[in-house]
Structure formats: structure tokens, C-alpha cells
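Proteins get letters first, then strands, A, B, ... in listed order; numbering begins at 1 in each.
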There are 4 protein chains.
Amino acid sequence: MSQPPGRPRDASLHAAILDAVRELLLVSSYAELSMDAVAARAQVGKKTLYRRWASKAPLVAEAVLDAYGRGGSFSVPDTGNLRADLHTWLIEHGEFITEPANAKLIRALVAAAAASSGDSDALYEQLSVPQRSGLVDRVRGAVDTGALRADVDPDVIANALMGTLLLQVMSGPVAGSLVVEQYVALVDALVDGMV
Amino acid sequence: MSQPPGRPRDASLHAAILDAVRELLLVSSYAELSMDAVAARAQVGKKTLYRRWASKAPLVAEAVLDAYGRGGSFSVPDTGNLRADLHTWLIEHGEFITEPANAKLIRALVAAAAASSGDSDALYEQLSVPQRSGLVDRVRGAVDTGALRADVDPDVIANALMGTLLLQVMSGPVAGSLVVEQYVALVDALVDGMV
Amino acid sequence: MSQPPGRPRDASLHAAILDAVRELLLVSSYAELSMDAVAARAQVGKKTLYRRWASKAPLVAEAVLDAYGRGGSFSVPDTGNLRADLHTWLIEHGEFITEPANAKLIRALVAAAAASSGDSDALYEQLSVPQRSGLVDRVRGAVDTGALRADVDPDVIANALMGTLLLQVMSGPVAGSLVVEQYVALVDALVDGMV
Amino acid sequence: MSQPPGRPRDASLHAAILDAVRELLLVSSYAELSMDAVAARAQVGKKTLYRRWASKAPLVAEAVLDAYGRGGSFSVPDTGNLRADLHTWLIEHGEFITEPANAKLIRALVAAAAASSGDSDALYEQLSVPQRSGLVDRVRGAVDTGALRADVDPDVIANALMGTLLLQVMSGPVAGSLVVEQYVALVDALVDGMV
DNA sequence: CTCTAAACGAGACGGTACGTCACGTCTTCGA
DNA sequence: TCGAAGACGTGACGTACCGTCTCGTTTAGAG
């Protein structure tokens with residue numbers, strides 16, 4: 001259980017860098033974000049950035065996912081009432097991505113995924129798999145208890161809910177704003193169509 | 001009805017440039033696509049590019065929308081059977097975006113929108129409004145004829161269908177592949193929930 | 001006799017860049033001179049520098065040789081009196097290299113030559129061959145007219161005079177300062193030893 | 001006569017580092033020599049380098065002067081025959097600097113001196129003062145014994161001899177090669193001109 | 001047929017960011 | 001305290017791309 005030789009990496013820099021990325025993303029898009037600016041704001045050498053992240057895309061991805069993981073990942077509640085649980089989940093996420101700061105971060109993440117040919121799949125998995133699995137599990141549970149028909153595909157439901165949110169956040173603050181009633185209507189339609 | 005003086009623009013260049021963009025996007029992401037490469041492949045001076053498009057984003061947008069408009073814009077059929085019409089529309093689009101070449105183009109368009117802070121809204125409108133309006137009109141028509149409940153919000157349905165497609169195309173060829181049965185199940189759930 | 005296609009290089013930039021190099025060399029050594037600083041002072045993109053010079057060494061060399069060629073290359077006079085002619089030449093050059101600005105430029109040239117393994121020979125030839133040939137010719141003329149012994153090697157004399165100047169300029173303003181009497185004494189010793 | 005606390009410095013490292021510098025200088029110029037490479041080749045931490053030398057310039061200087069002091073510093077002989085003594089000295093040094101390995105080291109030293117504005121004088125003194133003083137003393141002795149005229153300036157002679165060598169070593173292996181006869185001719189001219 | 005004017009291929013240009021590299025310092029561990 | 005290892009801040013390196021510009025050439029309509 002020994003330590004590799006040499007000076008160990010400064011763990012506090014990690015958080016400082018991710019903070020710098022997020023702060024800069026509030027006022028600039030992914031393309032406008034420069035590694036030099038990140039290094040300058042985090043008071044860090046560029047070498048330190050490239051020692052830890054291969055390029056801008058994974059750095060931005062980690063910065064966004066880090067924030068998302070801390071404040072934006074609402075596990076699907078399980079009160080026994082699927083309809084109410086999905087209402088809760090969708091409204092929570094809808095409010096989260098409506099927050100301009102959060103919307104900017106998510107747009108940056110999409111840009112990071114779309115930027116490089118190779119990394120996009122990995123990034124999307126990091127982002128969507130945890131969210132998806134909560135939803136899928138909750139729906140599958142409802143199927144198992146007989147609350148939903150046996151032939152319901154949980155993936156279909158998860159896709160419709162998450163896709164609605166993604167489309168909304170990518171459509172911009174104006175075009176995509178859905179109100180609570182619309183979230184409710186979506187869940188109602190899906191649930192009523194599945195019973 | 002006179003013509004401005006000077007040599008008129010060569011109309012054939014337009015298509016050549018858009019072709020070059022699409023060919024390059026098959027092997028590179030939006031960020032990796034350079035205007036120099038487009039000019040070189042289209043055998044065109046860079047000045048000619050900037051004479052016709054303000055920057056990379058609208059050029060890519062037009063290249064993608066041009067292809068989408070030619071082969072991928074399936075208007076919503078209206079056979080009187082809403083369920084069947086939505087089945088048709090969703091399956092057609094699902095197959096279109098499953099084609100790897102088409103998926104790459106759409107990802108590039110999303111990247112173009114996500115890349116620059118300002119242009120994203122305009123680009124999204126170009127892309128989504130025509131698609132959305134067909135869907136919304138079809139659903140609203142069903143509401144008007146009494147085939148759907150009067151309180152159904154067509155935007156909610158359009159969002160769910162388009163969002164499902166967007167999420168699928170962004171999730172990569174592997175992770176997001178839905179099959180025909182799932183498209184059917186989604187439409188069924190929504191329709192059954194809305195009657 | 002046509003011109004290659006494309007925008008031709010701006011000839012005026014050449015002089016502006018060389019001026020910028022010389023101005024910067026007055027306040028910084030060769031190592032402290034950065035290509036970025038040159039580009040900034042000359043109001044020029046870095047690409048323009050590298051389009052015309054492969055690296056810092058040949059750029060500095062040309063900048064120095066350009067100035068040397070304009071103001072510092074004193075041809076060897078030929079009044080018939082070899083001793084007086086060499087006096088004149090050596091004193092002129094001695095005064096030239098004693099000028100701090102000139103000394104700095106020459107030191108930079110030496111550094112440029114010493115910096116890169118490969119280029120040094122070429123640089124030295126550019127600098128020393130023209131100077132040397134004038135001296136050698138003048139001495140050889142004196143040999144031919146019988147003013148000097150037939151077995152005198154003009155290269156030996158040229159080396160001694162130029163070497164004295166080089167050592168002086170490299171030794172720094174303090175350590176190497178020779179006065180006019182010493183130049184005279186050197187020429188006298190060489191001439192008297194060769195008659 | 002006590003010893004400072006802590007682990008004493010490993011004296012053998014000094015030689016290992018200087019060796020590493022010299023080995024690297026055989027295949028790279030001063031500018032191409034990196035402290036990291038020195039540390040790696042000498043199997044030494046960089047901190048150890050900077051504990052002993054303030055920067056690259058003095059390290060290279062010591063490495064070169066160390067070699068020069070061991071094999072290349074030929075004191076001026078004093079056989080009573082000044083002409084023969086200067087012959088000996090100049091030929092010895094000429095052969096030393098003609099050796100390619102030695103030439104590279106000296107070029108590196110010149111580069112080290114020319115690199116930084118401040119250090120050059122100090123380095124030049126280390127290199128030239130010991131050499132110069134031997135020459136000057138020998139010539140002054142000859143003046144004192146009446147072998148040379150009373151008004152001979154020993155510095156002038158020392159400059160001409162050392163300058164010839166410096167010019168030769170900087171001119172590259174090809175351009176600057178003088179042969180023994182030319183060294184003899186130089187000394188003869190100077191001596192005969194000074195008697 | 002000349003003249004004017006704009007489009008065109010080519011490529012130089014200023015600027016900005018990239019990702020790498022070296023310098024010289026600092027921080028861990030073990031000797 | 002010294003030493004090896006290596007992370008660190010700083011800043012220059014040389015490259016690539018953006019969007020503009022400046023050439024000489026080409027292609028139209030106007031006179």
C-alpha cells in the first residue's frame with residue numbers, strides 16, 4: 001500500500017479547475033471557452049490541465065457532470081404512485097434545466113459530446129445512464145407489481161421523458177419553455193396509455 | 001427586373017460546397033471540420049464561402065438542412081387514423097436518423113447550434129419548427145375533429161416524439177437504437193393516454 | 001514572366017519585422033527575444049514570421065546582417081599605404097563594435113550561430129566572408145606589388161584582425177575595450193613583422 | 001571543524017552531472033540541451049542540479065571549463081625564447097579547439113555567455129582571464145628583459161592570438177581550419193613586428 | 001469591342017487558441 | 001539534510017484555424 005514516487009497531484013486543484021470551467025461557461029459557450037482562460041482563472045498551469053484531461057471536451061464533461069451529480073440528480077421517488085412519482089421527477093428536472101446557469105452547462109456538455117467524433121458515446125453514457133436507470137427501474141417496478149401492463153417497455157418511457165427534457169434545453173430558453181401543466185400532461189398521457 | 005452589375009454568382013458552386021461539407025462531416029465532427037478543408041475539397045476560394053455564409057455554423061446548418069429537406073423531411077400523413085399516421089412518421093424518422101451518415105449530419109447540426117451562444121436559437125428554429133409544425137397541426141386537427149380529448153396539448157406530443165428522436169441520435173449508434181416495436185409502443189401509449 | 005497565384009507577400013513587412021527584431025535586441029539578449037514579442041512589435045501574425053524564416057536564428061541573423069550591411073561594412077581602403085589602410089579599417093570597425101547597440105546586435109548574431117547545431121556555419125559565412133575577402137584582397141594586393149614579403153598569408157592577417165574584434169565584442173563593453181593606440185600597435189606589429 | 005547537520009552532498013554526483021552535460025553537448029547545441037535531459041542522463045533529480053548551479057548557463061560553463069582545465073589549459077611555456085614559446089602555445093590550443101568535441105564544448109560556452117545579458121561578462125572572465133593572464137605575463141616578462149621593445153602592449157598580442165583562436169572555433173570546422181604553418185606565421189609576424 | 005464591376009482561385013495576413021516543452025520551484029518519500 | 005521522482009506556475013514554442021484582404025483572372029452586362 002505504498003505511494004508512487006514524486007510529488008503527488010494536488011487534489012484541491014481538481015475542484016478549483018472544475019469551478020473555473022463552470023464559472024466561465026456561464027458567460028461563454030463551449031467553443032468560446034479556452035483552455036488558457038481556464039488555466040488563468042484557476043491559477044493553474046496549462047500543463048496541469050493536460051496532465052489530467054486529454055482535451056477540452058472531457059474537461060468540460062467532467063465539470064458539468066460534477067455539478068449535475070451534486071445538485072441535479074434527483075433520484076426517482078417511489079411512493080407507490082407511479083404517476084405522482086413521474087410528475088415529481090419530471091417537474092424537478094424541468095425546473096433544473098430551466099435555470100439558465102444549468103441550461104448553459106448542459107448545452108456545453110452537448111457541445112463537448114458533439115465536438116469530437118470519438119468521445120461522444122462515452123460522454124452520453126456518463127450523463128444519461130444514471131438518469132435513465134433510475135427511471136427504468138421505477139417503471140419496471142411498476143410493471144412487476146402489476147400497476148402497468150406487462151408488455152410496457154420501460155426504455156420507451158424513459159426515452160420520452162428524457163428526450164423531452166433534452167429537446168427543451170437545446171431549444172433555448174424561449175422556444176422550449178414548458179410549463180408544469182405540460183409536464184403533467186405528458187406523464188398522464190404516457191401513464192394512461194400504459195395501464 | 002434588372003441584374004446587378006458584375007459577374008453573377010456561380011450557382012453550381014452552392015451545391016458543390018454543400019456537398020463538400022457533407023462529405024467531410026462523414027469523417028469528422030463539427031469541430032474538426034475546417035473552412036479551409038471545405039474550400040479545398042470544393043475547389044473554391046475561402047472568400048467564396050464567406051461571401052455566401054457568415055461563418056461555419058450557418059454553412060453547416062444549411063448543408064445539413066439541405067440534405068434533410070431533400071430526403072429526410074417526411075410530412076405527417078393524414079389518413080384519418082392518427083395512431084397510424086404517427087406510427088408512420090416516427091418510424092420513417094427513426095429509420096432516417098439510424099442511417100449513420102444522417103446521424104452524423106444531425107449531430108453536426110446540434111454541435112453547430114450548441115457551439116455558438118447566439119446562433120443556437122435561430123438554427124434550432126430552422127431545424128425543428130418545420131418538423132414540429134407538421135406534427136402539431138396533425139394533432140390539433142385530431143383534437144378539432146374530436147378524435148382526441150379537447151384538453152390535449154399538441155406541443156406536448158410533438159416534444160415527446162421529437163425529443164425521443166433527438167435523444168436517440170445524440171446517444172450514439174449503439175446506445176440509442178430503438179426498434180420499430182418501441183416506436184409503436186410510444187405512439188400507442190401517448191395516443192391511448194390522450195383519448 | 002508571370003506572377004504566382006494568390007496574394008503576394010507584403011514586402012514592407014520584411015523591413016518592419018527586421019526593425020522590430022533590432023529594437024528588441026537593444027533591450028534583451030538573443031535568448032530573451034521571443035517570436036511572440038517580435039510579432040507583437042511588428043504588428044504581424046506569428047505565421048508571417050514562420051512563413052519567411054524557419055526559426056529565430058535565421059531571423060535574428062538576417063536582422064543583424066541587414067543592419068551590418070547597411071551601416072557597418074567598411075570596405076578596406078586602398079591608398080597605396082597598407083599600414084594606413086589597415087589602421088583605418090580596424091579603427092572604423094573598432095568604433096562600430098564599441099557602439100553598444102552594434103555590440104548587442106553582434107552578440108545576438110553570435111548567439112544565433114551558437115544556438116543551433118546546424119546553422120552556425122552558414123551564418124558565419126554570411127557574416128565573415130564579405131569582411132574577410134576585402135581584407136584578404138587588400139593584403140594580397142600588397143603582396144603582389146612587393147610591398148609585403150611573398151610568403152605572407154593574407155588569411156593569417158585577416159584572422160588576427162577580425163579575431164581581435166570578435167574577442168573584443170564578446171568580452172563585453174568593459175573588459176574588451178581597446179583604444180585607438182592598441183589598434184595601431186596591432187597593425188604596426190603585424191605589418192612590421194611581414195615586411 | 002564540524003560537519004553541517006543532515007546528509008552530506010554526494011561529491012561523486014558533481015562529476016556525473018558534468019559528464020552528462022558534456023556527453024549531451026556532443027550531440028546537441030546549448031539551446032537544445034535541457035536540464036531535464038541532464039538530470040535524466042545523470043540519474044539525478046532536478047533539484048540536485050539547482051542546488052549546485054543557479055541555472056543552465058553556469059552549469060554548462062562549469063562543465064566546459066572543467067574539461068578545458070583538465071585537458072586544454074596549457075600554460076605558456078617559458079624557455080627564454082618567446083617566439084618558440086608562443087608557437088608552442090598557439091599550436092597546442094589550435095589543435096585542442098580543432099578537435100570536434102572540444103569545438104562543440106567551446107561553442108556551447110560561447111552560447112551560454114551570449115544567452116543571458118547579465119552573465120556573459122562573468123563567464124567570459126572565467127574563460128579568458130586565466131588564459132589571457134598567462135600570455136600577458138609571458139609577453140610582459142619579455143618586455144622587462146628587453147627581448148621586446150618597451151612600448152609593446154602585451155594585451156594587444158594576447159588579443160590577437162586568442163581572437164584568432166576564437167574566430168577559428170566559431171567559424172566552424174571547415175571554414176576556420178588553420179594549419180600549423182599559419183600559426184607560426186602569425187606569431188612570427190607579431191614578434192618580428194615587435195622587436 | 002471596350003469598359004465596368006463583381007465573382008472567382010489562390011494564398012498572405014492579424015489574431016487567437018491549441019497542445020507541447022523547458023525552466024526553475026515545490027512537495028512528497030526514503031536514505 | 002540530501003537525494004530521486006515528479007507535480008507545479010509560467011511562458012515561449014511552432015501549428016492550425018478563423019475571417020479578412022489582396023492579387024490576377026474570368027465572366028457577365030452596358031456603352
Going through the distances and angles, do D/Val60 and D/Trp53 end up as a side-chain contact (heavy atoms from CB on, under 4.5 Å)? CA-CA 9 Å; D/Val60 169; D/Trp53 294 275; over 6 Å; no
CA sep, side-chain torsions, deciding dist, call: C/Leu49, C/Lys56, side-chain contact (heavy atoms from CB on, under 4.5 Å): CA-CA 9 Å; C/Leu49 297 184; C/Lys56 189 164 65 164; over 6 Å; no
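- Within the 4.0 angstrom heavy-atom criterion, no nucleotide atom of any strand lies near D/Leu49.
- Taking only side-chain nitrogens and oxygens, A/Gln3 never comes nearer than 4.0 Å to OP1 or OP2 of E/dT28.
- For the pair C/His14 and C/Glu62, the minimum side-chain heavy-atom distance is below 4.5 Å.
- If you measure from atom CZ of A/Arg9 to atom C1' of E/dC29, you get 18 Å, rounded to the nearest angstrom.
- Nucleotides of DNA chain F nearest to D/Ala11 and A/Pro8 differ in position, and the one nearer the 5' end is that of D/Ala11.
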Contact list (N/O, under 3.5 angstrom) for nucleotides 1-5 of chain E vs protein:
none

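- Protein atom CD of A/Glu32 is 17 Å distant from nucleotide atom C1' of E/dC18, rounded to whole Å.
- The shortest distance between side-chain heavy atoms of B/Asp66 and B/Arg22 falls below 4.5 Å.
- The phosphate of F/dG19 (OP1 or OP2) has no side-chain N or O of B/Arg52 nearer than 4.0 angstrom.
- Looking at heavy-atom distances under 4.0 Å, D/Leu59 makes no contact with the nucleic acid at all.
- The cationic group of C/Lys104 does not satisfy the cation-pi geometry with C/Tyr30, failing either the under 6.0 Å distance to the six-membered ring centre or the 45° limit from the ring axis.
- Rounded to an integer number of Å, the gap from C/Lys56 NZ to F/dG14 C1' is 13 Å.
- Screening residues 45-54 of chain C for salt bridge (charged side-chain N to carboxylate O under 4.0 Å, His left out), with sequence neighbours left out, gives C/Asp36-C/Lys46.
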Please walk me through it: do B/Arg41 and B/Asp19 pass side-chain contact (heavy atoms from CB on, under 4.5 Å)? CA-CA 9 Å; B/Arg41 171 172 270 262; B/Asp19 280 341; over 6 Å; no
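- Both B/Asp10 and A/Ser34 lie near DNA chain E, and the one whose nearest nucleotide falls closer to the 5' end is B/Asp10.
- Toward the 5′ end of DNA chain E lies the nearest nucleotide of C/Arg51, the other residue of the pair D/Leu33 and C/Arg51 mapping further downstream.
- Of the inter-residue distances, the one linking B/Leu109 atom CG with B/Leu105 atom CG reads 9.0 Å to the nearest 0.5 angstrom.
- The OH-C1' distance, from D/Tyr50 to F/dG6, rounds to 14 Å in whole Å.
- At distances below 3.5 Å, at least one donor-acceptor pair connects side-chain atoms of B/Glu32 with backbone N or O atoms of B/Ser29.
- Residues of residues 35-48 of chain C that place a heavy atom closer than 4.0 Å to DNA chain F, in numerical order, are C/Met35, C/Asp36, C/Lys46.
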